[in-house]
Number of protein chains: 2
Amino acid sequence: MASQQKTPRKAAGTGAAIRRSPARAANGRARGGDANDDIGLDALVGHAGYAVRRFQLWIFQDFIKTLAAVDIRPTQYSIMTVIGANPGLSQMAVAKRLGIERARLVHLLDSLEERDFVNRVPSATDRRSHALHLTARGKTALAQFKRLAAEHERHVAEKIGKDNRERLLQILAGFT
Amino acid sequence: MASQQKTPRKAAGTGAAIRRSPARAANGRARGGDANDDIGLDALVGHAGYAVRRFQLWIFQDFIKTLAAVDIRPTQYSIMTVIGANPGLSQMAVAKRLGIERARLVHLLDSLEERDFVNRVPSATDRRSHALHLTARGKTALAQFKRLAAEHERHVAEKIGKDNRERLLQILAGFT
DNA sequence: ATCAATTGTTGTCGTCAACAACAATCTTTC
DNA sequence: GAAAGATTGTTGTTGACGACAACAATTGAT
């Protein structure tokens with residue numbers, strides 16, 4: 001990390017010239033100028049992971065923005081949705097189902113419980129586990145969240161196209 | 001956070017009996033037993049963001065695993081790919097192109113420079129910026145990375161189907 | 001009764017996105 | 001050409017997140 005520390009900007013006055021290889025074509029610009037979108041990605045295009053990362057970023061940002069008024073993030077929404085559809089689940093069950101680490105779920109449930117959306121009820125059959133339930137307030141809140149989430153989903157449809165969205169859901173159905 | 005602290009498990013000894021409601025249907029399980037995949041997701045299915053999140057997780061894990069031998073992560077790979085295809089770019093240009101914060105790119109380039117894959121050359125036209133280049137070692141390394149990345153991409157194709165993968169890339173092309 | 005496994009919890013570590021602030025350096029404008 | 005404003009790289013902080021490790025309480029199996 002101490003490799004080049006404080007940016008010794010002036011140090012290397014190396015007249016070593018640089019003259020960007022003119023043969024390389026695709027490059028050029030250097031100082032923004034105008035279009036900075038003409039930067040070749042080369043192999044990056046054609047990489048599913050890259051496209052998915054960018055898309056995931058966009059979609060989460062839109063979700064957060066659309067649900068900003070109620071201050072609910074995607075993970076919180078997914079938790080409430082699962083509990084709402086399957087009341088009484090244990091934390092392990094929820095964690096496993098959503099692919100969340102149970103250690104992380106603890107804090108997530110803490111915040112949801114603080115806001116009186118979720119309830120940890122001691123399980124009757126297993127004194128180790130908690131049965132998770134939505135509170136009355138949580139249920140009505142979730143209903144509103146779902147409306148906003150539906151609006152977000154419309155944004156997605158507008159962005160990539162209605163049928164493309166459905167095709168996407170179909171392709172990735174195996175991961176839900 | 002202090003809401004329910006140390007799990008007062010025993011406290012509620014409420015002999016209130018409970019005998020889990022047999023009517024609840026859909027839930028039930030509690031202790032793993034056998035199939036724990038029968039938990040309804042309700043509205044979660046049909047949410048692009050959720051599917052994309054799970055997929056992105058899978059795909060990144062596979063990328064990391066496939067390139068574990070060379071210790072290259074997706075972001076590092078994308079940086080080297082872009083620099084390789086457009087030598088001389090500034091950090092701002094790379095950051096903007098890849099959707100990485102320029103603050104974050106600093107550390108990423110530090111590590112790549114430490115490993116002698118990338119070079120920060122003082123720009124000839126703008127003494128504020130650095131012209132980014134792959135080192136000789138970086139170029140040969142990138143060639144190998146690309147072979148491994150191609151292998152990873154084959155894993156993706158195996159997972160979701162060859163044509164589904166291409167359709168996915170096509171749908172998300174606007175985000176690259 | 002004993003030992004292994006499970007559940008919720010706490011804590012730590014490393015990655016990552018989002019900001020804010022700063023010095024050095026352009027660029028613009030008068 | 002000097003002052004004001006914008007850019008570039010950098011440092012630092014915050015918070016969400018995934019991955020692990022350890023632990024007490026409890027359950028299940030031997």
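Just so you know, these numbers use all the heavy atoms, side chains as well, and skip hydrogens, waters and symmetry mates.
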ask   = Relative to the ring of B:W58, is the ring of B:F55 parallel (under 30°), tilted (30 to 60°) or perpendicular (over 60°)?
value =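 Ring orientation, 0 to 90° scale: parallel.
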Give one of base, sugar-phosphate or nothing for [X], where a contact means two heavy atoms less than 4.0 Å apart.
X: B:Q91; answer: sugar-phosphate
X: B:Q61; answer: sugar-phosphate
X: A:L57; answer: sugar-phosphate

message = Judged by each residue's nearest nucleotide on DNA chain D, which is more toward the 5′ side, B:H107 or A:Q76?
response =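 Whichever sits nearer the 5' end wins; that is B:H107.
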Return no unless some side-chain N or O of [X] is found under 4.0 Å from OP1 or OP2 of [N].
X: B:R127; N: C:dA23; answer: no
X: B:R102; N: C:dA17; answer: no
X: A:S129; N: D:dT26; answer: no

message = So if I take every side-chain heavy atom of B:M92 and compare against D:dT27, D:dG9, D:dA16, which nucleotide ends up nearest?
response =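 Of D:dT27, D:dG9, D:dA16, D:dG9 is nearest to the side chain of B:M92.
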query = What nucleotide among C:dT9, C:dT7, D:dC17 has an atom nearest to a side-chain atom of A:R128?
reply =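 My answer, after comparing the listed nucleotides, is C:dT7.
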query = In Å and rounded to the nearest 0.5 Å, what is the CG to CZ distance from A:N119 to A:R137?
reply =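 Those atoms lie 12.5 Å apart.
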key: Toward the 5' end of DNA chain C, by each residue's nearest nucleotide, B:F60 or A:A103   =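 Looking at DNA chain C, the more 5' nearest nucleotide goes with A:A103.
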key: Upstream residue (5' side of DNA chain C) when A:L109 and A:R53 are each assigned their closest nucleotide   =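 Whichever sits nearer the 5' end wins; that is A:L109.
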query = Does A:R104 get its side chain close enough to the base of D:dG18, under 3.5 Å, for a donor-acceptor pair?
reply =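 Such a pair does not exist between side chain and base.
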message = Any non-hydrogen side-chain atom of A:I83 less than 4.5 Å from a side-chain atom of A:L109?
response =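 Yes, at least one pair of side-chain atoms sits under 4.5 Å.
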Side chains of B:R102 and B:K96 in contact at under 4.5 Å (non-hydrogen atoms) =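 Side-chain contact under 4.5 Å: no.
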